[in-house]
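A short write-up of the structure that comes next.
The chain is numbered in sequence order, starting from 1.
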Amino acid sequence: MSTKENYNNILNQATHIALATETLDGHTPSVRVVNFLYFEDTPNTIYIATARDTTKVREIETNNHVSFTTLPVDGADAVRVTGATATQVNEKKPELFVAMDKKIR
């Protein structure tokens with residue numbers, strides 16, 4: 001299996017990621033585990049779900065540079081990404097709810 005195939009496989013199977021943002025004071029990293037819903041190979045995008053009124057959303061609105069790692073599933077490798085950019089996406093909600101439903105079952 002190629003590196004890209006392994007990367008895609010891990011991202012398609014992962015159900016959670018550890019997401020790192022910067023706290024609102026701008027001096028401390030903040031890491032939390034979040035539900036990981038969906039991965040699109042092109043344009044190399046992942047989607048997570050969260051409530052609008054969370055601290056992580058406020059942190060991302062202040063500084064949208066994030067890092068994350070997948071949590072290993074069944075002893076699999078993990079994908080680690082640094083320096084990613086987070087963007088709020090509401091127009092894909094129906095598609096993402098379908099993806100979430102498939103992944104969680």
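Not one N or O on the side chain of N6 forms a donor-acceptor pair closer than 3.5 Å with the backbone of S2.
Considering only heavy atoms from C-beta on, R58 stays 4.5 Å or farther from R52 through its side chain. Taking 4.5 Å as the limit, every side-chain heavy atom of V34 sits out of range of all side-chain heavy atoms of H16. L11 has its side chain within reach of T70: a pair of non-hydrogen atoms, C-beta onward, lies under 4.5 Å apart. Side-chain contact between I46 and F68 is present, with at least one heavy-atom pair separated by less than 4.5 Å.
Considering OG1 of T21 and CD1 of I60, their distance stands at 6.0 Å, rounded to 0.5 Å. Between the CZ atom of F39 and the CG atom of N9 there is a distance of 10.5 Å, given to the nearest 0.5 Å. Between the CG atom of N8 and the CD atom of E40 there is a distance of 12.0 Å, given to the nearest 0.5 Å. Interatomic distance, CG of L96 versus CG of N90, reported as 10.0 Å (0.5 Å rounding).
Partners of K93 under the salt bridge (charged side-chain N to carboxylate O under 4.0 Å, His left out) rule, at least two apart in sequence or in another chain, do not exist in this structure. For E61, there are no salt bridge (charged side-chain N to carboxylate O under 4.0 Å, His left out) partners two or more places apart in sequence or in a different chain. Partners of Y38 according to the ring-ring contact (aromatic ring centres under 6.0 Å, His included) rule, which considers only residues two or more places apart in sequence or in another chain, are Y47.
The side chain to side chain contact (heavy atoms under 4.5 Å, CB included) with I17 is formed by just one residue from the set T69, L71, I48; it is I48.
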Audit row: T50, K56, side-chain hydrogen bond (donor to acceptor under 3.5 Å, both in side chains) steps and yes/no: CA-CA 9 Å; T50 190; K56 71 180 145 297; 3.1 Å; yes
With side-chain contact (heavy atoms from CB on, under 4.5 Å) as the criterion, how do D41 and K4 come out once you've worked through the C-alpha distance, each side chain's angles and the decisive distance to 0.1 Å? CA-CA 10 Å; D41 185 28; K4 183 171 174 79; 3.0 Å; yes
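The residues E95 and K92 are annotated as salt-bridged, a charged nitrogen and a carboxylate oxygen being separated by less than 4.0 angstrom.
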Table please: side-chain donor-acceptor pairs of residues 75-89 below 3.5 Å, with sequence neighbours left out.
none

Going by atom type alone, with no hydrogens or angles, which donor-acceptor pairs under 3.5 Å involve a side-chain atom of residues 22-29 and a protein atom two or more places apart or on another chain?
residue: E22; atom: OE1; partner: N63; partner atom: ND2; Å: 3.3
residue: T23; atom: OG1; partner: D25; partner atom: OD1; Å: 2.5
residue: T23; atom: OG1; partner: T28; partner atom: N; Å: 3.4
residue: T23; atom: OG1; partner: T28; partner atom: O; Å: 3.1
residue: D25; atom: OD1; partner: H27; partner atom: N; Å: 2.8
residue: H27; atom: NE2; partner: D25; partner atom: O; Å: 3.3

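The hydrophobic cluster of V57 has no other members, since no ILVMFWY side-chain heavy atom comes under 4.5 Å of it.
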